[in-house]
Amino acid sequence: AKDAKDPDGERAALKFPLGASEVLALKALYAEDGSPLAAGLPRLLQLGEHYGGHFAAMELLGRPLSDIFRKLEGSVEVRWRALRILGRLLVRRLAAIHSR
């Protein structure tokens, strides 16, 4: 996914191209208005086609993880602790999605 900006200034995560299975998964996880059907998912701003390929634009949930890891200072143990916390958050989100 790529960080993009629309003409109105709203920042979004853009993924292009999407495979057919990804399109089907997104359609199953979101209502027609783009609101998520499971907790913890970003709003789907647009799902469409461009030059024969599918794309998805979604709201950003915060700063890119790469920025956060770059700013983490300290020992390897400190960085691993932060990574474990993020991992638990991701697992919880996946569990919420799969329980719907």
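Heavy atoms only: backbone and side chains are in, while hydrogens, waters and symmetry mates are out.
- Both Leu41 and Val23 are assigned to one and the same hydrophobic cluster, defined by single-linkage of ILVMFWY side chains at heavy-atom distances under 4.5 Å.
- Leu47 is listed as a side-chain neighbour of Lys27, based on a closest heavy-atom distance under 4.5 Å.
- Taking 4.5 Å as the limit, some side-chain heavy atom of His50 sits within range of a side-chain heavy atom of Phe16.
- Put simply, the side chain of Asp33 does not reach to within 4.5 Å of the side chain of Leu44, judged on heavy atoms.
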I'd like to know whether Leu37 forms a side chain to side chain contact (heavy atoms under 4.5 Å, CB included) with Leu29, so could you lay out the CA-CA distance, the side-chain angles of the two residues, the decisive distance to 0.1 Å, and finally the verdict. CA-CA 5 Å; Leu37 298 175; Leu29 290 171; 5.7 Å; no

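- In this structure, the side chain of Glu59 engages the main chain of Arg43 through a donor-acceptor pair within 3.5 Å.
- Shortest non-hydrogen contact noted between Phe55 and Glu49 is CE2-N, 3.5 Å.
- A continuous path of ILVMFWY side-chain contacts below 4.5 Å connects Leu89 to Leu83, so both sit in one hydrophobic cluster.
- Comment: Arg84 engages Glu77 in a salt bridge, judged by a side-chain N to carboxylate O separation of less than 4.0 angstrom.
- Ile85 and Leu94 are members of different hydrophobic clusters when ILVMFWY side chains are connected at heavy-atom separations under 4.5 Å.
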Does the pair Lys15 and Met58 meet the rule for a side chain to side chain contact (heavy atoms under 4.5 Å, CB included), with working shown? CA-CA 9 Å; Lys15 177 143 193 240; Met58 304 173 112; over 6 Å; no

